[in-house]
> 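Encoded as structure tokens, here's the structure I'll be asking about.
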Amino acid sequence: MTRSIPDKPAIEGLEAKWDERWESEGTYRFDRSKTRDEIFAIDTPPPTVSGSLHMGSVFGYVQTDTHARYRRMSAKEVFYPMGWDDNGLPTERRVQNYYGVRCDPSLPYDKDFIPPDEPHDPPISISRRNFIELCHVLTGEDEKVFENVWRTLGLSVDWTQTYATIDDHSQRTSQRAFLENLARGEAYSSDAPVLWDIDFQTAVAQAELEEREKGGAYHRVAFHGSDGNRIHIETTRPELICSCVALVAHPDDERYQPLFGSNATTPVFGVEVPIVAHELADPDKGTGVAMICTFGDTTDVTWWRELDLPTRAVIQYDGRFQAEPPEWLQGEAADHYAELAGLFANQARRKMAELLAQSGDLEGEPREIMHPVKFYEKGDRPLEIVTSRQWYIRNGARDDELRRELLARGEELNWVPDFMGVRFKHWVDGLNGDWLISRQRFFGVAIPLWYRLDDDGNPDYDNPIIPDLDRLPVDPSSETPDGYDESQRNQPGGFMGDPDIMDTWATSSLTPQIAGHWDDDPDLWERVFPMDIRPQGPDIIRTWLFATTLRSHLEHDVLPWHTATINGWILDPDRKKMSKSKGNVVTPKEFIDDYSAEGVRYWAASGRPGTDTALDVQQFKIGRRLAIKILNASKFALGFSDTDVGVEAITEPLDRSMLAGLAGVVSEATDAFEAYEYTRALEAAERSFWSWTDDYVELVKTRAYEGGAESVSAHAALQLALSVYQRLFAPFLPFVTEEVWSWWRDGSVHRQEWPSLSEFDGVTGDAEILDIVSRALSAVRKAKSDAKVSMRAEVDLISVTAAADEIELLRQAEDDLLAASRAAEIVYSNGEFAVEADLVEH
RNA sequence: GGGCGUUUAGCUCAGUUGGCUAGAGCACUGCCCUUACAAGGCAGGGGUCGGCGGUUCGAGUCCGUCAACGCCCACCA
């Protein structure tokens, strides 16, 4: 083809130019006529679209993109979809703040509702349907912004394969998978104590917990034994004394053995509670006796369940102590309780300390401590434990065989890097309850069930009404089950819809099924599942990776992917993990604007899997400089002849030597990519490329200008090398490589074949020639540098001392060395390698 | 309290199965407008490989131990 090379190549504008071209030409469009063994399927993480992308996401996605591009060039059809995780609490919270609204499910739908331009203060109450509509509006806008960033960054995603975790297809997939779990007995509902966020007023799962160090205080409190003795406990939660159902000590604790079987009365309230024994009581903690409350912590739940204790709960879903005194508190006890009624736990704690002091049951002053307290990871106040009906999926926590199967899946999975596998093992080993998937929220996938109401209006939870699969997705709170009339909703003898939604992980754990269309396109499904890789961050091994493995194991009895690649953290320059709460997050957009997409990609690609990487703008600059170098070197190498020269013209020893070295680089880069070590592939290409431009290109420059067969050999060698370098860099620097490829080749570089050794057949020589000539050239340069003269300064004589075989190598490229050195003559002598240059005097 | 990872030049990082004077880029110093590239090129200085102790002819590389940093897990009395 005719070459068209700009006079002043620049990287500015390349992102927009090529993104548009790739889109219009369908460069990354998935060809579904390929079969499973020809396809490389990637289970991309759907980023949460509530707020802005940060560099941590860019880091991981670029690394994945280098894989995708390498595989696409290695004769694989790449299935590379992109999802948006838009359902769930982050979106709800963003909508509340963005518009100044709150959801009140009791309100009717207002079809004329128009959201305020500015956040409304105080928040406007709107119906659930209006609220959900706003969620859709806002996530739609966020998704456009996100797609734009990904495109600017050059992700080779097939943008026709996008999904959102709240769209109908995802909802249908999620509901169907849930119903399959239900049919097999893997999903069940239970009315039991759960960890509860009092602000969001929803249950949360074990995987969403985090512990934070909080200040607290040990209160030394006296209970009263049956013979009048005082039994001391230490507690950080004295406000729960009104919920106390027992005292507990270790069965081997001789101090308390005489008390087992007897009763004590609680201070202030005078409620009689048994003194019981259990191994979980730690003789070394506090006084060795603990009070069991319903419920202060998860240990309480264990004791309550295993010791078959009564329930005396006073904390409501909103976190406040219930208004009316509970039935087990009468008379004076009820009066004391009235002082706690309506308070939050922390307020009640102070009040209770006063009451204990008044009754003489508080020994000494509370002793302040720091201790870990469980929080919902997105929450602001400590979790409480309340009893409520929730849906669960079995995860092996209470089923040893399932746990063993899941551990075996973890062993079976190819972890990159391999040490990440232990995190999965630890998580599965440590599971202490089934997976709680129901949430008392609004914007999410509904639990697709109704319940029959008996004549008293009580729901029959054990025999839910299940929709036909072809009705999915279904919203039981607005749709009517078959055989019923809407007027029977919430009426005795009628039905009620399950009011809850599923947690976002219950849907995103199905990304392979969603992206691969398990539900509605079995032909596609067979071509892409199980997928090849799952790239993701280390923080969501316990959530996304585990849950996806679980769902796939239960539904398909197979691992969802062959390999999981786990990226590292982004650290700020002080080696602190970057996070929003620390306020050190910078958005990717400004980095791309300042340093180009290639610069940002270069930095991301230089972070190895599982290795924490500092955010360093110097790396962006280096990547940008490399991209510019590729432009200029390509311009030079293509400037000699307007047509391709066949490789049979490559006859000069130096040219063949260069190609021998380059063949080695191709091997190294290919091996590295096959082992998911994209960074090593980049480094190999980069190291080779810079020495190519600095040494080889300088050495052949004169010959290339001169004409003749030797000149044509250089042209052909430059072209072959350039073609190889452009493809080696294509996975990392997609815009600039596409640009330079377009100067002299048809089609996209990203659809070319990855360089192979067969391209070097018959054109390689002795790689050591270029090495030794480069060393000699470098020595001449040093002589000029020491003399503080221009590299163009002329040399009378180069005197080389070297071993006989080295001299033999040098002679084969003697003319090139003389030309690049601007030297008139060269003489050799045997000995230790040394080069002297006699400069022409001026 | 367990576990995983990291610790190599001022900075960011490579160092494959232990083997010649430990590497790269940036930063720093000096020189050079050289017709691909001055948002460049050439050359140079700079490190007791976290500490201690082992194995070995030989250790950045293996073993033990300690420390710092990061992360994950753990029943908040």
Side-chain angles (χ1 to χ4, degrees), chain A residues 5 8-11 211-214 216 218-219 221 233-237 240 247-249 280-282 285-293 296-303 369 371-375 382-383 417 419-427 429-430 432 538-539 541-542 568-569 571 573-577 603 606-608 610-619 621-622 624-626 628-639 671-672 675 677 679-680 683 686-687 690 693-694 697-698 701 705 777-793 822:
Chain A
I5 303 170
K8 278 275 175 192
I11 58 173
E211 298 201 337
R212 301 178 195 162
E213 282 291 319
K214 292 303 242 185
Y218 277 126
H219 297 67
V221 173
I233 63 151
E234 286 199 345
T235 179
T236 56
R237 300 205 61 183
L240 291 175
L247 294 181
V248 66
L280 279 182
D282 184 348
K285 273 193 184 173
T287 62
V289 184
M291 68 169 179
I292 303 175
C293 307
D297 63 32
T298 52
T299 316
D300 281 341
V301 177
T302 305
W303 281 323
I369 55 157
H371 63 158
V373 178
K374 281 188 170 55
F375 282 73
L383 292 170
F419 65 79
M420 287 292 178
V422 304
R423 298 200 182 188
F424 180 90
K425 181 181 181 323
H426 284 168
W427 176 249
D429 277 337
N432 56 28
D539 51 330
I541 289 174
R542 65 175 181 170
W569 289 113
L571 307 173
D574 300 325
R575 288 201 68 78
K576 294 286 186 323
K577 180 192 162 189
W603 160 77
S606 59
R608 289 167 157 69
T611 303
D612 296 349
T613 302
L615 181 63
D616 182 0
V617 297
Q618 286 301 342
Q619 296 298 314
K621 290 184 188 171
I622 297 163
R624 190 173 186 281
R625 197 176 65 130
L626 175 61
I628 292 170
K629 191 75 172 179
I630 290 171
L631 285 175
N632 287 314
S634 297
K635 174 175 184 242
F636 172 76
L638 296 174
D671 291 348
E677 294 178 26
T679 300
R680 200 154 58 83
E683 281 174 357
E686 187 184 10
R687 196 182 330 111
W690 282 103
T693 60
D694 291 347
V697 171
E698 291 301 322
K701 196 177 268 184
Y705 278 121
L777 176 61
S778 187
V780 174
R781 284 169 173 162
K782 177 164 169 52
K784 292 181 181 178
S785 189
D786 289 346
K788 305 192 181 218
V789 298
S790 163
M791 288 301 137
R792 233 169 32 159
R822 295 184 175 262

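Just so we're on the same page: letters track the sequence lines, and every chain starts at 1. Both backbone and side-chain heavy atoms feed into the values below; hydrogens, waters and symmetry mates do not.
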> Donor-acceptor check, side chain of A/K635 to backbone of A/P9, threshold 3.5 angstrom: yes or no?
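Such a contact is absent between A/K635 side chain and A/P9 backbone.
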
> Check whether any side-chain heavy atom of A/R781 lies under 4.5 Å from a side-chain heavy atom of A/K784, and answer yes or no.
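Not in contact.
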
> A/G610 near the nucleic acid: base, sugar-phosphate alone, or nothing, with a heavy-atom cut-off under 4.0 Å?
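The answer is nothing, as A/G610 stays clear of every strand by at least 4.0 Å.
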
> Over all strands shown, is A/T302 touching base, sugar-phosphate only, or nothing at heavy-atom distances under 4.0 angstrom?
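No contact.
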
> Protein within reach of the bases, or only the backbone? For nucleotides 29-38 of chain B, mark each nucleotide 5' to 3' as B, S or -, using heavy atoms under 4.0 Å.
-BSS-B-BBS

> Without swapping roles, check the side chain of A/W603 against the backbone of A/Q619 for a donor-acceptor pair under 3.5 Å.
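No: the side chain of A/W603 does not pair with the backbone of A/Q619.
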
> Grab the two heavy atoms, one from A/T613 and one from A/G607, that are nearest each other, plus how far apart they are.
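Scanning both residues, the minimum pair turns out to be OG1-CA, 3.5 Å.
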
> Minimum heavy-atom separation for A/P538 and A/R423, please, with both atom names.
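Closest pair (atom of A/P538, atom of A/R423, distance): CB-NH1, 3.5 Å.
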
> Does A/K285 place a side-chain N or O at less than 4.0 Å from the phosphate oxygens OP1/OP2 of B/rC76?
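It does, given that an N or O in the side chain of A/K285 lies less than 4.0 Å from OP1 or OP2 of B/rC76.
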
> Could you grab the distance from atom CD1 of A/I541 to atom NE2 of A/H426, nearest 0.5 Å is fine?
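One gets 11.5 Å once the value is rounded to the nearest 0.5 Å.
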
> A/D616 near the nucleic acid: base, sugar-phosphate alone, or nothing, with a heavy-atom cut-off under 4.0 Å?
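The answer is sugar-phosphate, as A/D616 gets under 4.0 Å only of primed atoms, P, OP1 or OP2.
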
> Output the distance between atom CG (A/D539) and atom CH2 (A/W569), rounded to the nearest 0.5 Å.
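Those atoms lie 3.5 Å apart.
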
> Quick one: label A/R680 by what it contacts on the DNA or RNA (base, sugar-phosphate, nothing), any heavy atom closer than 4.0 Å.
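No contact.
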
> Taking 4.0 Å as the cut-off, does a side-chain nitrogen or oxygen of A/R542 come that near to OP1 or OP2 on B/rC73?
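Indeed, a polar side-chain atom of A/R542 lies that close.
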
> Applying a 4.0 Å non-hydrogen cut-off, can you work out what A/N432 is touching in the nucleic acid: base, sugar-phosphate, or nothing?
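Touches sugar-phosphate only.
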
> Using the C1' atom in both, what is the distance from B/rU34 to B/rG19, to the nearest Å?
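Those two atoms are separated by 42 Å.
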
> Can you tell which of A/L247, A/V221, A/V248, A/D300 makes a side-chain contact (heavy atoms from CB on, under 4.5 Å) with A/M291?
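That would be A/L247.
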
> Write down the distance separating the P atoms in B/rA14 and B/rU8, rounded off to the nearest Å.
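Rounded to whole Å, the distance is 10 Å.
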
> For RNA chain B, list all stems, counting runs of three or more consecutive pairs where every pair is Watson-Crick or G-U wobble with both distances under 3.5 Å.
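So the stems come out as B:1-7 with B:67-73, B:10-13 with B:23-26, B:28-32 with B:40-44, B:50-54 with B:62-66.
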
> Roughly how many Å apart are B/rU29 and B/rG51, using the C1' atom of each and rounding to a whole number?
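My reading of the C1' atoms in B/rG51 and B/rU29 gives 34 Å.
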
> Using a heavy-atom cut-off of under 4.0 Å over every strand shown, decide if A/R687 touches base, sugar-phosphate, or nothing.
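A/R687: no heavy atom of the nucleic acid under 4.0 Å.
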
> Going by heavy atoms in the side chains, are A/T236 and A/I369 under 4.5 Å from each other?
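Yes, side chains in contact.
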
> Does A/R237 reach a base, just sugar-phosphate, or nothing at all? Heavy atoms under 4.0 Å.
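If one applies the 4.0 Å heavy-atom cut-off, A/R237 turns out to touch nothing in the nucleic acid.
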
> Once you apply a heavy-atom cut-off of 4.0 Å, does A/W690 come out as touching a base, just sugar-phosphate, or nothing?
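Result for A/W690 = sugar-phosphate.
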
> Say we look at B/rU6 and B/rU17: how far apart would their P atoms be, to the nearest angstrom?
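Each nucleotide's P atom is 14 Å from the other's.
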
> Suppose you measure atom C1' in B/rG15 against the same atom in B/rC57; what distance do you get, rounded to whole Å?
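Each nucleotide's C1' atom is 23 Å from the other's.
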
> Using a 4.0 Å heavy-atom cut-off, does A/I233 contact any base of the nucleic acid, only the sugar-phosphate backbone, or nothing at all?
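A/I233: no heavy atom of the nucleic acid under 4.0 Å.
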
